[in-house]
Amino acid sequence: MNLYCISHKFLYETEKLLMLFFPLEKNTVLNEFNEDSGDYFYTEIIRGAEAVTFKTAFSYKGKTLQDEKTLTNDDCTDEEYELLSSGYVLLKEVCGFSPDWGMLTGVRPSKLIMNKMTETDEDTARDYFINHFFADPQKTELALDVAKSEIGIIRENGENTFSLYVSIPFCPSRCSYCSFVSHSISTDSAKKLIPEYVNKLCEEIVFTAEKAKENGLILTSVYWGGGTPTTLEADELDRVLTVIEDNFDLSNCGEYTVEAGRPDTVTREKLEVLKRHNVGRISINPQTFSDGVLRAVGRRHTADLTEEKYFLAREIGFDSINMDLIAGLPTDTVDGFRRSLDRAIELGADNITVHTLALKRSSTIVTENESASVSAEGVAQMLDYSHKALRANGYHPYYMYRQSKALGNFENVGWCKKNKECKYNVLMMEEYQHILSVGAGSVTKLLSPGIEKIERIFNYKFPFEYISRFPELLGKKERISTFFSEYK
Ligand code: SF4
């Protein structure tokens, strides 16, 4: 698609808007208009002494629509919105459908509606989504429900608190839809990295605990993600858990999560280690309860194994278990998804997180067999069913985010039973708490007072780089102290 952005700086935003309608299309940005060069999306802002004119045109498969509107300088308070909303209307008309989230492209719709609701009231916030951003009323209600659930968690969080994130970027094999930096330990070279990775991780934990102490930060939750943290052996888990306990003050830590996502990594011994160290919340992720779909996406476990490990975790005493499901997996069907969701509900998972499959270029699904995934209409039916079934069974939506390239531009929603919210998910996703992160690929996020500014410190992405450049990494993390000293 040819893309014209004339006399304005909203190229990134215009491309995001176009992606709502053409998620996988590559665009060519042009400056000289040429009507004969094929499909195009044209945007231009003309600023005069007294007024601003917005010109948009969209031509696709021989159908062309255009629009022009002029606002006085006084009336034009948001150039970006005026331009993009005109463009959105044309795209919608020519393509013949409206995205469920309207022209909202951001990853945090619940944060946006929460801010609006806090500044004004619920009705104004609802109207803002439906009439300003053209969002579907049902999605708007979902965003409002999430925002209402989040508000309590956000309000009780103090400014000097933080969560610790621990990254274990290893998995037993790579799922075909995975876009994370996670190394499959099915190869010897990746497996050999783990002992040294654990050594460095422990060093980084000690260093980070010092920084937290120096700056008077209070730890309220710990979250291990990845990858699959339970790829580590029981003694390695024990070592890292012990280093955390010995170096951080956990007396205010109300939540401790370790993702044990892949059932094929879970053993009684590992679960007992986690329990002994007061880990209260784990994930055991089916993704689907269909063995055929699991095989199609390269998960080397069965649905029965997921259930076996889930019951084992219950027997050991875990009373907060999350299960992830994915809508839109290759070879899955709407009925198959319904059966998976029904099973997760029957099992009584405390949290059920319903993800929409995202077709990221770094996943093998996209490079090998993109067409095998479910259509956007199919995903819409799956999500619709999940909303009804989860609500009917006592779950409520408590956090939500959107990913680029998600099928149908749909969302990921964390549902939970009463009082089973994972506070880390809310505070991290909505960016209301400092996150001190350790391990490869993790990101430390520091918030200025009033959250006017968020500063990120990126750890090296790959385990090999993390190990070999470790001294440089600690150098970068010295920034934690200088950041806080700037606000004293
Ligand atoms: S278990 Fe998760 S992190 Fe690991 S390969 Fe599969 S999707 Fe990626």
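Residue indices begin at 1 and follow the sequence shown. First listed ligand is number 1; within each ligand, the first listed atom is number 1. This structure is a prediction, so every number in the text was calculated from the model and none was measured.
Close contacts of ligand 1 with Arg174, meaning ligand atoms under 4.0 Å from a residue heavy atom, involve 5 (S). The atoms of ligand 1 that sit less than 4.0 Å from any heavy atom of Arg262 are 1 (S), 6 (Fe). Ligand 1 places these atoms under 4.0 Å from at least one heavy atom of Gly227: 3 (S). For ligand 1, the atoms closer than 4.0 angstrom to any heavy atom of Arg299 are 1 (S), 6 (Fe). Against a heavy-atom cut-off of under 4.0 Å, Cys178 is close to the following atoms of ligand 1: 3 (S), 5 (S), 7 (S), 8 (Fe). When each atom of ligand 1 is checked for a heavy atom of Tyr177 under 4.0 Å away, the hits are 7 (S). Close approach to Cys175 involves these atoms of ligand 1, each under 4.0 Å from a residue heavy atom: 1 (S), 5 (S), 6 (Fe), 7 (S).
Checked against a 6.0 Å centroid threshold, the rings of Phe97 and Phe21 count as neighbours. For His434 and Phe484, the ring centers are positioned less than 6.0 Å apart.
Counting heavy atoms closer than 4.0 Å to ligand 1, residue Thr228 contributes side-chain atoms (C-beta onward) but none from N, CA, C or O. By the criterion of a heavy-atom distance under 4.0 Å, the side chain of Cys171, and not its backbone, is placed next to ligand 1. Only backbone heavy atoms of Ser173 (N, CA, C or O) come within less than 4.0 Å of ligand 1; its side chain stays farther off.
Aromatic ring orientation, Phe134 versus Tyr88: parallel (interplanar angle below 30°, classes split at 30° and 60°). Taking the six-membered ring where the residue is Trp, Tyr466 and Tyr197 present tilted rings, their angle falling between 30° and 60°.
Exactly one residue among Glu421, Lys417, Lys418, Arg391 makes a side-chain hydrogen bond (donor to acceptor under 3.5 Å, both in side chains) with His396. That residue is Glu421.
Protein heavy atoms all stay at least 4.0 Å away from atom 2 (Fe) of ligand 1.
Looking only at atom types and distance, the side chain of Glu259 has a donor-acceptor partner in the side chain of Tyr223 under 3.5 Å away. There is no side-chain donor-acceptor pair under 3.5 Å between Thr356 and Glu411.
The minimum heavy-atom distance linking Gly298 with Ser173 is given by the pair O-OG, 3.6 Å.
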